[in-house]
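Order of listing sets the numbers, starting from 1, for every ligand and every atom in it. Numbering starts at 1 and runs along the sequence shown. Values reported hereafter were calculated over all heavy atoms of this structure, with side chains retained and with hydrogens, waters and symmetry mates removed.
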Amino acid sequence: MASRRKFLQSSAAGLAGLATAPLAAAALPPASPSVVKPIVISTWDAGVNANKGAWKVLGSGGYALDAVETGVMVTEAEQGCCVGLGGNPDRDGYVTLDACIMDEKFNCGGVAGLERIKHPISVARRVMERTPHVLIVGEGAQQFAVAQGFSLEPQHLSPDAKKAYEQWLKTSQYKPVVNIENSKSRSTGPVGGPQNHDTIAMLALDAQGRLSGSCTTSGMAFKMRGRVGDSPLIGSGLFVDPAVGAAAATGQGEDVVRIAGAHTVVELMRQGRTPQQACKEAIERIAAIKGAKAKDIQVAFIALDKNGRTGSYALQTGFNYAVSTTDTPRLLDSEFLLK
Ligand code: GLY
């Protein structure tokens, strides 16, 4: 009798659950995280001006792909130490530029070792949109650019790059200066000393929820002629997956390529990490590979997921990045691993 009463009670509870659960669910709105958009994130303090350029597109409802091209063109035109034609040369005295771009449909394009062209990011976009290829290098990239109507700029070094190169020639030793990309450390750093690299990388989510990314650099200063870093390589310097998010890298390219950095960050987000956790885990992977040598380099990642959540993590202190959700960018110091 007792067991029959128990059965009836539990059956009634079960039926009540069955009866009420669908009603309760139907009464609730579908769970959907609020999406922050439009939003743009980019590397280093150069990202402040670059984001302002990107915001002119995003703020008026424009396409993320146009925003990430327009944004980094600002940095290319500023001609600092590490991006565009004002960048430091390779060890033979030539400025060679690397760039890539990717949209929300897995379309992508890049150029590497491109000389005498002011806006490699725009050539990368033409590779994406007007060729069946994803990467064109060296002389072929320049021929393609000229055929597409880009002007061939004079072959010369900027005054700062010339000074740095002449100084470097005295020893011809490659000794990276960590965080040289940050204009604060650039201005207080060793004038004419060995300059490292780096890169502006930008990720954007537009008002329609479309993700895109871009990446452009003059690469590692005084590199071997023909050296290519991570920045023009889809999956290393940049990766975009509309189902998950986007990521980009800055810093010592060889160590980003070693772990297919940007793709790794996106895959970690796919597995459930936040953008911040994903960047951190990728940096920890590089640190584990490098061991004691990790302290001699800088690498950093930025990430943006499809809901507009951002993340950033660096190997060491000094990396900053800019985030915009309005026309006023915020410059933020990144968290870092080596304390
Ligand atoms: N991250 C830029 C380079 O290593 O060339």
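Nearest heavy atoms, Ala64 versus Ala204: CB-O, 3.7 Å. The shortest heavy-atom contact between Leu315 and Ile283 is CA-CG2, 3.7 Å.
Checked by distance only, ligand 1 and Gly229 stay at 3.5 Å or farther apart across all their nitrogen or oxygen atoms. The N/O atoms of Thr250, backbone and side chain alike, include none that comes under 3.5 Å of an N/O atom in ligand 1. Between Asp98 and ligand 1, no pair of N/O atoms sits closer than 3.5 Å. Ligand 1 has no N or O atom lying under 3.5 Å from any N or O atom of Gly219, backbone or side chain. For the pair Asp230 and ligand 1, the shortest N or O to N or O distance falls below 3.5 Å.
Contacts with ligand 1 closer than 4.0 Å are made by no heavy atom of Gln298, backbone or side chain.
Per-residue contacts place Ser231 under 4.0 angstrom from the following atoms of ligand 1 (heavy atoms of the residue considered): 1 (N), 2 (C). Below 4.0 Å from some heavy atom of Met220 lie the following atoms of ligand 1, by number and element: 5 (O). Of all the atoms in ligand 1, the ones that sit under 4.0 Å from a non-hydrogen atom of Gly251 are 1 (N), 2 (C), 3 (C), 4 (O). If you number the atoms of ligand 1 from 1 as listed, the ones under 4.0 Å from a heavy atom of Thr199 come out as 1 (N), 2 (C).
Side-chain atoms of Ser218 never come within 3.5 Å of backbone atoms of Thr96 as a donor-acceptor pair (strictly under, hydrogens ignored).
For the pair Arg227 and ligand 1, a heavy-atom separation below 4.0 Å is found.
Looking at residues two or more places apart in sequence or on another chain, you find no side chain to side chain donor-acceptor pair (under 3.5 Å) involving Asp327. Here Asp66 pairs with Val57, Tyr63, Arg125 under the side-chain contact (heavy atoms from CB on, under 4.5 Å) rule; sequence neighbours left out.
Ser122 and Glu69 are linked by a side-chain donor-acceptor pair at a separation below 3.5 angstrom, with hydrogens and angles left out of the test.
A salt bridge between Glu78 and Lys52 is absent, with no side-chain N of the basic residue lying under 4.0 Å from a carboxylate O of the acidic one. Using a 4.0 Å cut-off between charged side-chain N and carboxylate O, Lys280 and Glu284 make a salt bridge.
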